[in-house]
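A quick write-up on the structure given underneath.
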Amino acid sequence: MTRQLKTGIGVVLTAIMLFPVYWMINVSFTKDTDMRASPPHVFPFDATLEGYRAVLDQQLPYLGTSLIVGLGTVLLTVVLSAPAGYSLAKLRPRGGGALSFVLLIAQMIPGIIMAMGFYAIYLKAGVLNTTAGLILADSTIAVPFGVLIFTAFMSGIPDELTAAATVDGAGPLRTFWSVVLPVSRNAVVTVSLFAFLWAWSDFVFATTLAGGADHQPITLGIYRYIGNNNQQWNAIMATAVVASIPATLLLILAQRYVAAGVTAGAVKD
C-alpha cells in the first residue's frame, strides 16, 4: 500500500468521524423552516444566527456555572490527587498496592449509582442543588484517575532527586512541593484537563444533584431546549457548538502535555 493511499484512507476516515461535528455546526446555522427539508441542506446557504442569539440571551448563565464547576473540580482534584500520588509513588505506605487497586475499581462504578448515593447524603446534609455539592460529586470521578496518573508519573522521577532534597534537610512535604510537583507539570496538566472535561460534560450528577438549583451547568441548559413539541434545533446545536469551544481549545493547547502525562511510567529503562 503506497503512502498516498494510506494518507487518502486516513483523510476519508477522519472526515467520516468528524461529519457529526460538521452537521452540528451546519444545523446551528439552519433556519427552523428548513429543518425538515428533503433532502436536507448539506450547506446552510440561507444561514441564520437565531440559534446563537438564543445562546447569548439564554445560555450564558449556564456556561458561567459550568466554568465555575469545572475550575472548582480541577482545583479539588489536583489538591487531593497530587499528594496521594506522591505518597504512593515515593513514600510507599503499607497497603499502597491495595489502595491503588481500590482506586482502579472505583472508576468502574456507574455514575448513576454514585449519583443516587450522593442524592441521599446531600439531602440530609442540606447541600442538594448547590454548586459546591456538584463540584464535590464531579471530583469523585476525577480523583481516582488523577491519583493513578500522578502515581505513574512520579514513579518515573529518579529517587536520587528526592534523596538529594532529603540530604539538604527537606521533609516529605517540602520535597513534594519544591521538587516533585514542579517536575510533574505534564501530569498536572493531564489530570486538570480530564477533570475539567468530566465536569464540563457531566449530565448525570447535574440532573440528579442540581436539577432544582438556581444556577445550573450547560448540560442542563441544552436539556431545557428538548421537549415533545420543541423545534429549536438550531438553538440546541448552537449551544452545543459554543459549549464545545472551551474543551476543543484546551485539548489543542494541552495535547503534548497530555501525551507525556498519560504515557508516563508505561516504559521502564
Side-chain angles (χ1 to χ4, degrees), residues 20-21 24 55 58-82 84 103-123 125-150 188-227 235-254 258 261-262:
V21 178
M24 177 179 67
V55 173
Q58 304 168 17
Q59 297 294 336
L60 289 183
Y62 296 98
L63 288 168
T65 301
S66 284
L67 184 61
I68 294 173
V69 172
L71 294 178
T73 301
V74 168
L75 179 62
L76 184 58
T77 299
V78 173
V79 167
L80 293 178
S81 59
L103 292 173
L104 185 62
I105 295 297
Q107 297 185 81
M108 303 179 185
I109 302 175
I112 187 61
I113 295 178
M114 298 179 63
M116 292 298 100
F118 273 120
Y119 183 86
I121 296 172
Y122 282 14
L123 188 61
V127 293
L128 194 64
N129 296 320
T130 62
T131 302
L134 192 56
I135 291 173
L136 179 61
D138 287 333
S139 298
T140 60
I141 299 293
V143 166
F145 172 83
V147 173
L148 295 176
I149 291 296
F150 276 118
V188 172
V189 173
T190 301
V191 172
S192 299
L193 178 62
F194 279 93
F196 182 85
L197 293 180
W198 274 324
W200 185 265
S201 61
D202 169 64
F203 179 77
V204 174
F205 286 152
T207 190
T208 305
L209 306 176
D214 295 332
H215 304 287
Q216 298 177 342
I218 189 61
T219 48
L220 294 187
I222 297 175
Y223 185 66
R224 288 185 176 274
Y225 279 134
I226 301 174
I236 295 174
M237 294 303 175
T239 305
V241 170
V242 174
S244 301
I245 293 175
T248 303
L249 291 177
L250 287 175
L251 284 171
I252 293 174
L253 294 174
V258 172
V262 171

Distance-only check: which donor-acceptor pairs under 3.5 Å involve side-chain atoms of residues 59-68, not counting sequence neighbours?
from: Gln59; atom 1: NE2; to: Gly221; atom 2: O; distance (Å): 3.2
from: Gln59; atom 1: NE2; to: Tyr225; atom 2: OH; distance (Å): 3.4
from: Tyr62; atom 1: OH; to: Arg224; atom 2: NE; distance (Å): 3.1
from: Thr65; atom 1: OG1; to: Pro61; atom 2: O; distance (Å): 3.1
from: Ser66; atom 1: OG; to: Tyr62; atom 2: O; distance (Å): 3.4
from: Ser66; atom 1: OG; to: Ile218; atom 2: N; distance (Å): 2.7

Less than 3.5 Å apart, which donor and acceptor atoms pair up between the side chains of residues 136-149 and the rest of the protein, not counting sequence neighbours?
from: Ser139; atom 1: OG; to: Ile135; atom 2: O; distance (Å): 2.8
from: Thr140; atom 1: OG1; to: Ala137; atom 2: O; distance (Å): 2.4

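Residues Ala240 and Met24 come closest through the heavy atom pair CB-SD, 3.5 Å. Shown here for Leu197 and Ala247, the closest heavy-atom pair between the two residues is CD2-CB, 3.4 Å. Residues Leu220 and Ala206 approach most closely at CD1-O, 3.6 Å, considering heavy atoms.
We find the CG-CZ distance between Leu250 and Phe194 to be 12.0 Å, quoted to the nearest 0.5 Å. Atom CG of Leu209 sits about 8.5 Å away from atom CG of Asn129, to the nearest 0.5 Å. To the nearest 0.5 Å, the span separating CZ on Phe196 from OG1 on Thr73 amounts to 9.0 Å.
When the side-chain contact (heavy atoms from CB on, under 4.5 Å) test is applied to Thr248, the partners found at least two apart in sequence or on another chain are Ser244, Ile252. Residues satisfying the side-chain contact (heavy atoms from CB on, under 4.5 Å) test with Pro110, not counting sequence neighbours, are Ile112, Ile113. Not counting sequence neighbours, the partners of Phe118 by the ring pair (Phe, Tyr, Trp, His ring centres under 6.0 Å) test are Tyr122, Phe205. Under the side-chain contact (heavy atoms from CB on, under 4.5 Å) criterion, Ile245 pairs with Leu249, not counting sequence neighbours. When the side-chain contact (heavy atoms from CB on, under 4.5 Å) test is applied to Val189, the partners found at least two apart in sequence or on another chain are Arg185, Ala254, Tyr257.
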Item to check | side chain to side chain contact (heavy atoms under 4.5 Å, CB included) between Asp202 and Thr219, worked out | outcome: CA-CA 7 Å; Asp202 169 64; Thr219 48; 5.7 Å; no
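Screening Val74, Leu71, Thr77 for a side chain to side chain contact (heavy atoms under 4.5 Å, CB included) with Ser192, the sole residue that qualifies is Val74.
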